[in-house]
Number of protein chains: 2
Amino acid sequence: MNQRRPFQRAGEEARRSALIEATLDLIAEGGPQAATVRAIALRAGVTPGLIRHYFATKEDLVAAAHETLMTGLTEASAARLDDLPDDPLARLAGFVANAVSPPVTDPRAVSLWAASMQLVPRDAAMRKVHEATYLGFRNRLQRMIADALAAADRQDEDPRALAIAGNALLDGLWIEAGALPDHFKPDEMKSIAIKAFSRLLDLKLPEV
Amino acid sequence: MNQRRPFQRAGEEARRSALIEATLDLIAEGGPQAATVRAIALRAGVTPGLIRHYFATKEDLVAAAHETLMTGLTEASAARLDDLPDDPLARLAGFVANAVSPPVTDPRAVSLWAASMQLVPRDAAMRKVHEATYLGFRNRLQRMIADALAAADRQDEDPRALAIAGNALLDGLWIEAGALPDHFKPDEMKSIAIKAFSRLLDLKLPEV
DNA sequence: TGAGTAATTATACGCTTGCATAATTACTCA
DNA sequence: TGAGTAATTATGCAAGCGTATAATTACTCA
């Protein structure tokens, strides 16, 4: 047996995270087929056998990576809530503007999101993850919509239906902003989103 | 040399179509990794060497399949235009309703669409195809929006911005209707879409 | 009818893949 | 300090991958 490469042990959490991160990087760069066991291991700075130590199969690692991505997209929007104004209208406007602007709009994120979404109709576990994150985002939006309507003394609306529509609008704009980044003028999506939300809610949201 | 399997010749167009169709079927069923040369050939009822006769590489075949899919999604919506009423409001309402209802909403279509979309941020040729189909759909929607506004004597609007927003809304609803088919009540998406469009345009679209 | 041609089958190749297994070594703790 | 253990490296395996090539045969046309 020749010289082995020196190594340091790391905890399970750090290893799993590094492998998941490596997987996502490779998928983002070269599509799902780029995330081979050897490429993932190399990217994570370990050797291929280690993947099998922390995940039962490569497929499990890939599923964990997709789940991490989807959960992460939703959490990224939650993390920005603290930076928003307290006024319900301004808060909603800020949330909407953030959702369709860089750094939330991002070609890499769209590519990864799509790679995960192609699994959703075929894989019950992925569908469950997707549904949870979809609902998480939608419910957050629904609460903000309800708050904005309440502040305007509007009790005649269905916040759920508005959230479904608003969520869809944001998703659609986010996809195109990321997929065709050069197609739209700077801040065009933000302006369109704010105006569209103002119309949907029949409220005047402040420009951000 | 043993017994060869008997065969019939077919034209180039038929062969290419069969291979593309087989590719899409396999991707829809098992994701991109399921579309191997052998699986595609078997599904198309030919042997693997034939793929190389009609496409320079397997990758070219897969790209052709994705392009066919994207183009096909847009043409499916065009094919339904002739069934719509002539009245601009009713026509737009019909178009919107179709876009978020079966058979246009379809888990298989969402899965395939996502598989194609994951290429768009990374592959310039795919991005070009996507942009062309996106613009095709959006421009058609924009014309219908402009017609509806003109019929209501509304000259104070920006049909382009409304088309971008409306398109995004339809895309977002379409994705969720296909990805989570059991999450929404029958016709719920249709109702939400019509109401949302009525709001966006500040026009009363007829329920379909 | 028979020659010519190209569509198609059959087979093979080198390489890559995910997974399995054994050995080594970094670390903890008594 | 040294034993124990499990994290990690190294290596190998069988199967499958995309591509290449040769042979056969279905078809057209003179």
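Any value given below was found using the heavy atoms of this structure, including those in side chains, with hydrogens, waters and symmetry copies removed. Every chain is numbered from 1 and lettered A, B, ... according to where its sequence line falls, protein lines coming before strand lines.
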Rounded distance (Å) that lies between atom [atom2] of [N] and atom [atom1] of [X]:
| X | N | atom1 | atom2 | answer |
| --- | --- | --- | --- | --- |
| A/Ile51 | C/dT21 | CD1 | C1' | 16 Å |
| A/Leu42 | C/dT17 | CG | P | 12 Å |
| A/Arg4 | D/dT9 | CZ | P | 8 Å |
| B/Leu61 | D/dG18 | CG | P | 10 Å |
| A/Arg5 | D/dA7 | CZ | C1' | 13 Å |
| B/Leu50 | D/dT21 | CG | P | 17 Å |
| B/Glu59 | D/dC17 | CD | C1' | 14 Å |
| A/Gln3 | D/dT8 | CD | P | 19 Å |

Is any side-chain nitrogen or oxygen of B/His53 closer than 4.0 Å to OP1 or OP2 of C/dT8?
no
Between B/Tyr54 and C/dT8, does any side-chain N or O lie under 4.0 Å from OP1 or OP2?
yes
Does a donor on one side chain sit under 3.5 Å from an acceptor on the other, for B/Glu176 and B/His183?
no
Residues A/Arg16, A/Glu21: salt bridge by 4.0 Å N-O rule
no
Residue met sooner reading DNA chain D from 5', once A/Phe7 and B/Gly49 are mapped to nucleotides:
A/Phe7
Does atom CD (B/Glu207) have a neighbourhood of more than 12 heavy atoms from anything else shown, all under 6.0 Å?
yes
Can you tell me the pairing partner of [N] across any strand shown, Watson-Crick or G-U wobble, with both distances under 3.5 angstrom?
| N | value |
| --- | --- |
| C/dA30 | D/dT1 |
| D/dG16 | C/dC15 |
| D/dT25 | C/dA6 |

Which heavy atom of A/Lys190 sits nearest a heavy atom of A/Ser101, and at what distance?
CE-OG, 3.5 Å
Measuring only between side-chain heavy atoms, which start at C-beta, is A/Met117 closer than 4.5 Å to B/Ile175?
yes
Within residues 8-38 of chain A, find the residues that approach DNA chain D with a heavy atom at under 4.0 Å, and present them sorted by residue number.
A/Gln8, A/Arg9, A/Ala10, A/Arg15, A/Arg38
For the pair B/Asn139 (side chain) and B/Leu135 (backbone), establish whether a donor and an acceptor sit closer than 3.5 Å, ignoring hydrogens and angles.
yes
Under 6.0 Å from the ring centre and within 45 degrees of the ring axis: does the NZ or CZ of B/Arg80 meet both conditions for the six-membered ring of B/Phe95?
no
